[in-house]
S.K.: 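Would you mind keeping the following structure in view while I ask a few things?
The figures that follow rest on heavy atoms only: side chains count, while hydrogens, waters and symmetry mates do not. Count residues from 1 along the sequence.
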Amino acid sequence: MKSAALGLAFALVATGALADDKERAVYEVSITNISKGQTFTPQLIAIHAGSVALFKLGDPASKELEVLAEDGGTGPLTEFLANQGKRVGAVTTIGALLPPGETASAILEAPASHEFLSAAGMLIPTNDTFFAVNRQRLPQRGSLTVFAEAYDAGTEINTELRADIVP
């Protein structure tokens, strides 16, 4: 899998606020599609420990990431993350398509010891391109804005033919 050098199209704002018991943290995560023509499929968001990553740049994409990158399906990657036990504190999907210029948000609660956020979604129309924030350290207080990159999952040949991309 390789990164595309597109100054792509995703702004994430994570606002951290510790819950009353000081052992839980609540985050509002907003995804804004700032691209000029790419719609995002449903977006997966996870809060996790530092030992978890959606992918490693240069390694082949996992089967779960392949489904997200090729079809926009978050189910297999959500299930994979949910099966990581205590290493993943929260995982959710914002279920709607996100057109350019639009924003979608989700609120996640996780153990305060989980200090990392990852998010991903497919870009349409493409055959296996996705945006991702992979292992972003969360703020202790306040907010953080991150711009994601686009990645080619490398799971399909890039023919750019209509038959090979999600319309």
Side-chain angles (χ1 to χ4, degrees), residues 1-4 8-33 39-98 103-124 126-140 144 146-156 166:
M1 147 180 16
K2 48 189 173 166
S3 169
L8 183 83
F10 167 88
L12 176 140
V13 179
T15 305
L18 288 179
D20 291 338
D21 65 9
K22 304 282 188 220
E23 293 183 14
R24 307 280 301 163
V26 178
Y27 296 94
E28 179 177 0
V29 180
S30 297
I31 299 172
T32 301
N33 181 344
T39 296
F40 299 161
T41 60
Q43 309 95 60
L44 176 134
I45 304 168
I47 296 176
H48 52 82
S51 60
V52 174
L54 297 181
F55 61 90
K56 182 176 177 191
L57 196 58
D59 284 358
S62 67
K63 290 292 182 191
E64 297 85 2
L65 186 58
E66 179 180 352
V67 170
L68 183 137
E70 290 181 8
D71 302 323
T74 61
L77 193 53
T78 297
E79 184 176 337
F80 170 79
L81 291 167
N83 288 330
Q84 297 302 301
K86 293 182 179 181
R87 297 185 322 145
V88 175
V91 61
T92 193
T93 295
I94 298 174
L97 295 179
L98 189 60
T103 298
S105 298
I107 295 177
L108 292 92
E109 182 178 342
S113 61
H114 289 74
E115 299 177 338
F116 293 87
L117 179 138
S118 293
M122 180 187 183
L123 277 66
I124 52 177
T126 69
N127 67 336
D128 67 344
T129 302
F130 65 101
F131 76 81
V133 171
N134 192 25
R135 294 189 70 244
Q136 173 64 51
R137 187 172 291 276
L138 288 162
Q140 294 297 313
L144 171 71
V146 176
F147 294 90
E149 292 192 58
Y151 297 90
D152 183 329
T155 55
E156 292 187 333
V166 174

S.K.: Which pair of non-hydrogen atoms, one from Asn33 and one from Thr39, has the smallest distance, and what is that distance?
M.R.: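 Closest pair (atom of Asn33, atom of Thr39, distance): ND2-CA, 4.0 Å.
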
S.K.: Is there a donor-acceptor pair under 3.5 Å between the side chain of Arg135 and the backbone N or O of Gly50?
M.R.: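 A pair under 3.5 Å: yes.
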
S.K.: Look up atom CG in Leu81 and atom CZ in Arg87, then write down how far apart they are to the nearest 0.5 Å.
M.R.: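 Rounded to the nearest 0.5 Å, the CG-CZ separation comes to 9.5 Å.
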
S.K.: Say you draw a straight line from CD of Gln136 to OG of Ser118; how long is it, rounded to the nearest 0.5 Å?
M.R.: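 Gln136 atom CD to Ser118 atom OG measures 9.0 Å (nearest 0.5 Å).
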
S.K.: Would you say Pro76 and Lys63 make side-chain contact, with heavy atoms under 4.5 Å?
M.R.: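 With C-beta onward as the side chain, the pair stays apart.
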
S.K.: Can you list the steps and then say if Tyr151 with Asn134 is a side-chain contact (heavy atoms from CB on, under 4.5 Å)?
M.R.: CA-CA 11 Å; Tyr151 297 90; Asn134 192 25; 5.6 Å; no

S.K.: If you look at every heavy atom in Pro42 and Thr74, which pair is closest and at what distance?
M.R.: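 Answer, listing the atom of Pro42 first, then Thr74: O-CG2, 3.6 Å.
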
S.K.: What distance do Thr41 atom OG1 and Leu68 atom CG have between them, rounded to the nearest 0.5 Å?
M.R.: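 Going from OG1 on Thr41 over to CG on Leu68, the span is 5.5 Å.
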
S.K.: Can you find a heavy atom in the side chain of Val26 that is under 4.5 Å from one in the side chain of Ile107?
M.R.: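 Touching, per the 4.5 Å side-chain cut-off.
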
S.K.: Taking all heavy atoms of Phe130 and all of Leu65, pick out the closest pair and write down the distance.
M.R.: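 Closest heavy-atom pair between Phe130 and Leu65: CZ-CD2, 3.8 Å.
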
S.K.: What's the spacing between Leu44 CG and Phe80 CZ if we round to 0.5 Å?
M.R.: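 Rounded to the nearest 0.5 Å, the CG-CZ separation comes to 11.5 Å.
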
S.K.: Sub-3.5 Å donor-acceptor pair from the side chain of Gln43 to the main-chain atoms of Met122, do we have one?
M.R.: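 Checked: no pair found.
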
S.K.: In this structure, which one of Val133, Ile45, Thr103 forms a side chain to side chain contact (heavy atoms under 4.5 Å, CB included) with Ile31?
M.R.: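 The single option meeting the side chain to side chain contact (heavy atoms under 4.5 Å, CB included) with Ile31 is Ile45.
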
S.K.: Applying side-chain contact (heavy atoms from CB on, under 4.5 Å) to Ile124 and Thr129, what does each step give before you reach the verdict?
M.R.: CA-CA 8 Å; Ile124 52 177; Thr129 302; over 6 Å; no

S.K.: Calculate, to the nearest 0.5 Å, the distance between atoms OG and NE2 belonging to Ser51 and His114 respectively.
M.R.: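 It comes to 8.0 Å.
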
S.K.: Nearest 0.5 Å, please: how far is NE2 in His48 from CG in Leu138?
M.R.: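 Result: 8.0 Å between the selected atoms.
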
S.K.: Return yes if a side-chain donor-acceptor contact under 3.5 Å exists between Thr155 and Glu70, otherwise no.
M.R.: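 The answer is yes; a qualifying pair exists.
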
S.K.: Check Leu54 against Ala119 and note the closest heavy-atom contact, atom names and distance.
M.R.: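 Looking at all heavy atoms of both residues, the shortest contact is CD1-O, 3.9 Å.
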
S.K.: Please report the C-alpha distance between Asp128 and Asp152 in whole Å, then the side-chain angles of each, then the deciding distance to 0.1 Å, and finally whether the side-chain contact (heavy atoms from CB on, under 4.5 Å) criterion is met.
M.R.: CA-CA 6 Å; Asp128 67 344; Asp152 183 329; 3.2 Å; yes

S.K.: Below 30° counts as parallel, above 60° as perpendicular, anything between as tilted: where do the rings of Phe131 and Phe40 land?
M.R.: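 If you compare the ring of Phe131 with that of Phe40, the planes turn out tilted.
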
S.K.: Could you check if a side-chain atom of Val67 sits within less than 4.5 angstrom of a side-chain atom of Leu77, using non-hydrogen atoms only?
M.R.: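 They are not in contact (no side-chain heavy atoms under 4.5 Å apart), so the answer is no.
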
S.K.: Phe55 and Ala132: which non-hydrogen atoms are nearest, and at how many Å?
M.R.: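 Scanning both residues, the minimum pair turns out to be CE2-CB, 3.6 Å.
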
